[in-house]
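Below, all heavy atoms of this structure are taken into account, side chains as well, without hydrogens, waters or symmetry copies.
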Amino acid sequence: MQRYKGTWPVLDSGCVLDSWSAIGRWPVALLVIVSLAGCASSSSKNREDGAAKASVIDTDSNIQLVVNEDSAYLSGVLGRELTNTLKSMIEQHPNVTELVLVDVPGSLDQQETMNSARLIRRLGLNTHIARTGYVLSGGVDLFLGGVKRTIGPGSAVGVHAWRDQDNPSSNAGTIMKGEVDMADPVHAEYVNFYLSLGIPERFYWFSLNAAPAERIYYLTSEEIYDFHLATD
């Protein structure tokens with residue numbers, strides 16, 4: 001299963017955005033991550049010290065992962081090695097207690113993303129969406145793995161229906177095969193996933209109906225808290 005959208009601008013919540021877009025913010029996202037890592041203090045010296053302590057984690061080509069003190073900053077499309085990447089990061093930096101999601105437009109492998117969310121919960125990590133950052137589609141599921149889940153000012157949470165993926169194609173990476181049958185038993189796996197994380201079943205059905213697979217619906221603040229997506 002693939003739940004992925006390209007880079008989207010942050011819009012007013014409660015709206016639906018159309019069209020696909022290519023990823024073009026990864027280098028920018030990495031700069032944002034390093035900046036966040038170095039901005040814990042207002043003094044120039046402390047910013048330099050913070051940047052010096054930042055550690056870039058070796059990952060697959062889909063994401064960037066930077067650790068500074070007890071926070072790990074993640075940006076990019078979630079890939080098929082995500083769980084192993086997170087395990088390796090914790091082994092190298094056992095002091096990490098929070099995963100900060102900067103720009104996460106979706107996932108290439110939804111099963112892998114759900115496994116990673118479960119890992120985050122087992123490890124007792126908190127999740128946070130960075131100020132003006134966003135999580136879309138499968139990125140929302142990763143965010144839900146956090147024990148405590150917080151959202152920075154100006155950030156966005158986007159959902160949509162999903163489609164089956166079939167054979168690889170040279171252009172998009174997958175050939176999308178029509179909308180998933182609402183009676184398909186595969187929905188039970190999603191429902192059980194959300195319930196195991198304390199998210200009500202109605203959120204899943206809401207996300208399927210909020211926008212078709214080729215579009216994105218941005219949740220309002222009221223909807224985010226109504227569905228228990230954020231804890232604080």
Chi angles and distances behind the side chain to side chain contact (heavy atoms under 4.5 Å, CB included) call for T127, I120:
CA-CA 9 Å; T127 52; I120 290 170; 4.1 Å; yes
Do you know the tightest heavy-atom contact between M89 and A72?
CE-CB, 3.9 Å
Donor on one side chain, acceptor on other, H160 and S207, under 3.5 Å:
no
Between L219 and I224, the two heavy atoms sitting closest are CB-CG1, 3.8 Å
Assess, by modelled atom type and distance only, whether the side chains of Y190 and E201 contain a donor and an acceptor separated by less than 3.5 Å.
no
Closest heavy-atom contact between R149 and I199?
NH2-CD1, 3.8 Å
D109 side, atom CG; M114 side, atom CE - distance, nearest 0.5 Å:
9.0 Å
State whether the side chain of S88 and the backbone N or O of N84 hold a donor-acceptor pair below 3.5 Å, judged by distance alone.
no
Residue pair E98 / S71, side-chain donor-acceptor N/O under 3.5 Å:
yes
Going through the checks in order, is the side chain to side chain contact (heavy atoms under 4.5 Å, CB included) test met by L142 and L78?
CA-CA 9 Å; L142 187 70; L78 306 177; 3.9 Å; yes
Do N192 side-chain atoms and A188 backbone N/O form a donor-acceptor pair below 3.5 Å?
yes
Counting only N and O atoms by type, is there a donor-acceptor contact under 3.5 Å from the side chain of N95 to the main-chain atoms of E69?
yes
So, for G76 and P105, which heavy atoms are closest and what is the spacing to 0.1 Å?
O-CD, 3.6 Å
Under the criterion side chain to side chain contact (heavy atoms under 4.5 Å, CB included), I'd like the reasoning laid out for V67 against I57: C-alpha separation, chi angles, the key distance, then a yes or no.
CA-CA 7 Å; V67 172; I57 304 300; 3.9 Å; yes
How long is the span from the NZ atom in K148 to the CG atom in L125, to the nearest 0.5 Å?
13.0 Å
Minimal non-hydrogen separation, A130 against V100, with atom names
CB-CG1, 3.9 Å
Can you tell me how the ring of F203 sits relative to the ring of Y194, calling it parallel under 30°, perpendicular over 60° and tilted otherwise?
perpendicular
Pair E112-N115, side-chain donor/acceptor within less than 3.5 Å
no
Would you check if V157 and I151 make a side-chain contact, meaning some heavy-atom pair closer than 4.5 Å?
yes
Shortest non-hydrogen separation from S116 to T83 and the atoms involved
OG-OG1, 2.8 Å
Please report the interatomic distance CD1(I90) to CG(L119), rounded to the nearest 0.5 Å.
8.0 Å
Would you say Q111 and F193 make side-chain contact, with heavy atoms under 4.5 Å?
no
pair L74-L99: side-chain heavy atoms closer than 4.5 Å
yes
According to the interplanar angle, ranging from 0 to 90°, do the rings of H187 and Y204 count as parallel (below 30°), tilted (30 to 60°) or perpendicular (above 60°)?
tilted
Please determine whether side-chain hydrogen bond (donor to acceptor under 3.5 Å, both in side chains) holds for the pair Q110 and S107, giving the CA-CA distance in whole Å, both sets of side-chain angles, and the decisive distance to 0.1 Å.
CA-CA 6 Å; Q110 183 58 20; S107 61; 3.1 Å; yes
Under 4.0 Å between a side-chain nitrogen and a carboxylate oxygen: does that hold for R118 and D141?
no
V159 vs I216 side-chain heavy atoms within contact, under 4.5 Å:
no
